[in-house]
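Each ligand, and each atom within it, is numbered from 1 in the order the structure gives.
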Amino acid sequence: MASTTWNPEHLPDLTGKVYLVTGANAGLGYFSSEQLVRAGARVIMSGRNPKRISAARAAIRRRVPNAEPDATETLILDTSNFGSVRSAAASVRGRGPLDGLLLNAGMVHPPKKREVTLDGNEMVFATNALGHYALAGSLLLPLAAASGRMVWLGSMSTSISQYDPVDPQLVSNYSGWRAYVQSKIATTVLGYEADRRLRAADVDVTSVIAHPGYSVSGRTPGITGVNEPSRSARFFDNLQAPMTQSKEHGAWPLVRALVDSDISGGEYWGPKSTMRGVPKLQKSSKITRSLDVAERIWQVSEEVTGVQWPFAQTAGA
Ligand SMILES: NC(=O)c1ccc[n+]([C@@H]2O[C@H](COP(=O)([O-])OP(=O)(O)OC[C@H]3O[C@@H](n4cnc5c(N)ncnc54)[C@H](OP(=O)(O)O)[C@@H]3O)[C@@H](O)[C@H]2O)c1
């Protein structure tokens with residue numbers, strides 16, 4: 001059972017551990033990476049844009065000057081593009097065992113009209129859920145080699161609108177909100193389903209889900225190239241202060257879910273008061289705990305990405 005005395009500002013020593021973070025150039029992915037590096041870990045910071053990911057790496061070097069020069073590496077990875085996922089995963093498999101995978105990248109401001117990726121999938125579903133399904137499956141061997149962990153990003157929005165994703169590609173009834181919520185229902189059910197399948201196949205990898213509450217950039221420290229909110233964003237985000245927190249604090253449950261050895265697969269972690277606060281074990285919404293939805297989304301993910309998780313090759317690895 002996880003300890004009640006966890007201090008997110010004093011993490012356990014992570015020297016020797018290696019983590020991969022998607023969407024590491026901004027927001028929660030950036031701050032998670034920085035917190036891991038401060039604790040001594042090596043972080044493969046991935047992002048889809050070379051300039052933005054280099055700026056984020058430079059920011060960590062500035063802000064954590066005592067970190068080893070190789071504490072961060074960068075990796076180009078666009079989660080909406082399966083070709084990009086395949087080549088990034090091949091590169092990571094060549095780098096040795098992986099202690100943890102933070103499946104963070106996400107479109108949080110979805111397009112008003114339905115858009116499709118180069119692979120022909122609805123953009124938000126592909127970016128937030130399908131790409132991460134393919135990435136995690138493709139990195140099962142390096143994760144198993146380190147008895148590692150994957151963390152999927154859930155969201156409070158899945159309690160507000162409990163849509164059943166019967167049409168996960170939203171061919172009909174697209175709206176930006178529906179696309180976002182369905183994608184987060186998908187990532188959450190994939191996290192639980194991965195846990196069940198990993199246990200059933202006796203693979204030494206855990207799958208955990210975490211959410212950051214309500215974390216806004218206008219209440220987050222300004223960092224050149226990483227977080228540069230406008231004055232009006234600062235003003236409006238600060239008006240919501242009682243309900244919100246910084247992305248720095250929003251990263252706390254994500255990082256705990258990734259590194260706390262007392263956390264078990266299949267758990268759901270978030271901020272203490274749901275929207276903000278220190279990490280706490282929570283219960284996710286009813287729809288995200290549906291076995292039927294999980295089975296369906298797993299099948300769709302297998303079919304659409306063409307990636308079958310290598311459970312048999314990984315068991316006992
Ligand atoms: N903030 C919250 O309150 C909140 C609440 C619940 C859940 N979440 C989840 O937390 C995660 C991060 O959110 P955030 O608030 O940190 O958002 P953010 O500040 O907008 O950062 C999103 C990150 O994802 C990256 N990204 C977007 N599309 C990508 C793609 N196709 N390939 C690779 N990277 C891509 C972005 O990169 P670019 O800079 O290149 O766009 C950026 O690094 C998301 O999964 C979101 O659903 C956030």
Taken in chain and number order and not counting sequence neighbours, the residues that satisfy salt bridge (Lys or Arg N to Asp or Glu O under 4.0 Å) with D195 are R199

I'd like the atom pairs linking ligand 1 to the protein - N or O on both sides, separation under 3.5 Å - with distances to 0.1 Å.
{"unit_1": "ligand 1", "atom_1": "1 (N)", "unit_2": "S215", "atom_2": "O", "d": "2.9"}
{"unit_1": "ligand 1", "atom_1": "3 (O)", "unit_2": "G213", "atom_2": "O", "d": "3.4"}
{"unit_1": "ligand 1", "atom_1": "3 (O)", "unit_2": "S215", "atom_2": "N", "d": "2.8"}
{"unit_1": "ligand 1", "atom_1": "3 (O)", "unit_2": "S215", "atom_2": "O", "d": "3.3"}
{"unit_1": "ligand 1", "atom_1": "15 (O)", "unit_2": "K247", "atom_2": "NZ", "d": "2.7"}
{"unit_1": "ligand 1", "atom_1": "16 (O)", "unit_2": "L28", "atom_2": "N", "d": "2.8"}
{"unit_1": "ligand 1", "atom_1": "19 (O)", "unit_2": "K247", "atom_2": "NZ", "d": "3.0"}
{"unit_1": "ligand 1", "atom_1": "24 (O)", "unit_2": "G106", "atom_2": "N", "d": "3.2"}
{"unit_1": "ligand 1", "atom_1": "31 (N)", "unit_2": "D78", "atom_2": "OD1", "d": "2.9"}
{"unit_1": "ligand 1", "atom_1": "32 (N)", "unit_2": "T79", "atom_2": "N", "d": "3.0"}
{"unit_1": "ligand 1", "atom_1": "32 (N)", "unit_2": "T79", "atom_2": "OG1", "d": "3.4"}
{"unit_1": "ligand 1", "atom_1": "37 (O)", "unit_2": "N25", "atom_2": "OD1", "d": "3.4"}
{"unit_1": "ligand 1", "atom_1": "39 (O)", "unit_2": "N25", "atom_2": "ND2", "d": "2.8"}
{"unit_1": "ligand 1", "atom_1": "39 (O)", "unit_2": "R52", "atom_2": "NE", "d": "3.2"}
{"unit_1": "ligand 1", "atom_1": "40 (O)", "unit_2": "R48", "atom_2": "NE", "d": "2.9"}
{"unit_1": "ligand 1", "atom_1": "40 (O)", "unit_2": "R52", "atom_2": "NE", "d": "3.2"}
{"unit_1": "ligand 1", "atom_1": "40 (O)", "unit_2": "R52", "atom_2": "NH2", "d": "2.7"}
{"unit_1": "ligand 1", "atom_1": "41 (O)", "unit_2": "R48", "atom_2": "NH2", "d": "2.7"}
{"unit_1": "ligand 1", "atom_1": "43 (O)", "unit_2": "G23", "atom_2": "O", "d": "3.2"}
{"unit_1": "ligand 1", "atom_1": "43 (O)", "unit_2": "N25", "atom_2": "OD1", "d": "2.7"}
{"unit_1": "ligand 1", "atom_1": "45 (O)", "unit_2": "N104", "atom_2": "O", "d": "2.8"}
{"unit_1": "ligand 1", "atom_1": "45 (O)", "unit_2": "K184", "atom_2": "NZ", "d": "2.9"}
{"unit_1": "ligand 1", "atom_1": "47 (O)", "unit_2": "Y180", "atom_2": "OH", "d": "2.7"}
{"unit_1": "ligand 1", "atom_1": "47 (O)", "unit_2": "K184", "atom_2": "NZ", "d": "3.0"}

E34 meets the salt bridge (Lys or Arg N to Asp or Glu O under 4.0 Å) criterion, sequence neighbours left out, with R38, R63

- Task: Please test L153 against K184 for side-chain contact (heavy atoms from CB on, under 4.5 Å), starting from the C-alpha separation and ending with a verdict.
- Result: CA-CA 7 Å; L153 263 283; K184 289 286 125 181; 3.6 Å; yes

Distance-only donor-acceptor pairs under 3.5 Å for side chains of residues 102-113, two or more places apart:
{"unit_1": "N104", "atom_1": "ND2", "unit_2": "T22", "atom_2": "O", "d": "2.9"}
{"unit_1": "N104", "atom_1": "ND2", "unit_2": "G23", "atom_2": "O", "d": "3.2"}

ask   = What orientation do W252 and H249 show, parallel under 30°, tilted 30 to 60°, or perpendicular over 60°?
value = parallel

TODO: For atom CZ of R86, decide whether the heavy atoms of other residues, nucleotides or ligands shown that lie under 6.0 angstrom number more than 12.
DONE: no

